[in-house]
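Data block below; observations after.
All figures in this text were calculated on a predicted structure; none of them were measured in a lab. Note that ligands are numbered from 1 as they come in the structure, with each ligand's atoms numbered from 1 the same way. Numbering of residues begins at 1 and proceeds along the displayed sequence. Every heavy atom of this structure was used, including side-chain atoms; hydrogens, water molecules and symmetry mates were not.
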Amino acid sequence: MAAALIDGKAFAEALRARIGRAAAAFEAAAGRKPGLAVVLVGEDPASEVYVRSKSKALADAGMASFEYRLPADTPEPDLLARIAQLNADPQVDGILVQLPLPEGLDEHRVISTIDPEKDVDGFHVVNAGRLAVGERGIVPCTPLGCLMLLRDRLGDLSGREALVIGRSNIVGRPMAQLLVNADATVTVAHSRTRNLAEVVGRAEIVVAAVGRPEIVKGAWIRPGATVIDVGINRIVDGEGKGRLVGDVEFAKAREVAGAITPVPGGVGPMTIAVLLRNTLVAAYRHAGIALDEDTL
Ligand code: NAD
């Protein structure tokens, strides 16, 4: 029997509706909308698209977005001064610096300047540290979205054999931490892993975040496993048409897995929805208003 499809698009829409209601409640209580400042340095076309869709999603959810567009040759001290100003701004609950930054700007220094309480991407070392020790912080959007899909599908993850493929600071590492914190038994595979097929074959949960088209073969998947495919790879097929594929050989994996996310329409839509969630949560914390974060 073919695996169930995990519909990230539908899940993200429902999450956005809950966030919209909680944003309205915030505005009623605080007298202002939750606000996210988005800083875009330079004119990278992909980044422009992301920033536009983030601003639209914020507006749709009843939140304020403040966009700052700076030229690619902005000196680093000017960028850091802008971030310091946003740190101090009472209307701003979250700050997002769109990556990648133009050459000459030190990503680590820039992210480190953001107030960790406003770091809605969850990339600041303080938030990475909080996640590592199991303290409340802000968790990167994509892995938190994956965890939500897994919990929705499987409920309790305690004791499950989970495999994360990839160890980036944005996806793989925080994903592994989240699964450990959820009491799963976690393996992390990466570019130096020796026998990926064998490691995949043991896993009840596979989260693939590599960035290589269909690197995970369908035949490797353990029957009944839940597969979350984070990869977004643009390939050109035999007829010269471009299309998106994930890191998992979807059609073959679907024959053996219990459930699987499609690409597109799986993890992708979750990322922006969780960014909205993180902004909302940061706003409630910032304003000192109680929120049951687990109900979001
Ligand atoms: P990255 O390049 O930073 O990390 C890739 C990881 O894959 C590395 O840790 C590396 O060790 C591992 N890897 C490389 N070759 C491997 C191999 N042969 N076997 C096992 N592991 C190997 O990438 P990233 O930022 O973590 O993103 C990964 C993928 O997820 C990309 O396709 C990216 O586009 C996608 N992504 C999607 C979303 C989303 O919203 N859906 C968000 C972020 C990233």
What closest approach, in Å, do I114 and V97 show between heavy atoms, and which atom pair accounts for it?
-> CD1-CG2, 3.9 Å
Within 6.0 Å of CZ in R243, more than 12 heavy atoms from elsewhere | no
Within-4.5 Å side-chain heavy-atom neighbours: T226 and I6 | yes
Counting only non-hydrogen atoms and a 4.0 Å cut-off, the residues near ligand 1 are T142, I165, G166, R167, S168, V171, H190, S191, A209, V210, G211, R212, I215, V230, G231, I232, N233, V267, G268, T271
Show the numbers, then the answer: is there a salt bridge (Lys or Arg N to Asp or Glu O under 4.0 Å) between R82 and D78?
-> CA-CA 6 Å; R82 167 65 68 194; D78 292 8; over 6 Å; no
Do you know the tightest heavy-atom contact between R130 and G137?
-> CD-CA, 3.7 Å
Partner residues of Y284 under the ring-ring contact (aromatic ring centres under 6.0 Å, His included) criterion, sequence neighbours left out = F26
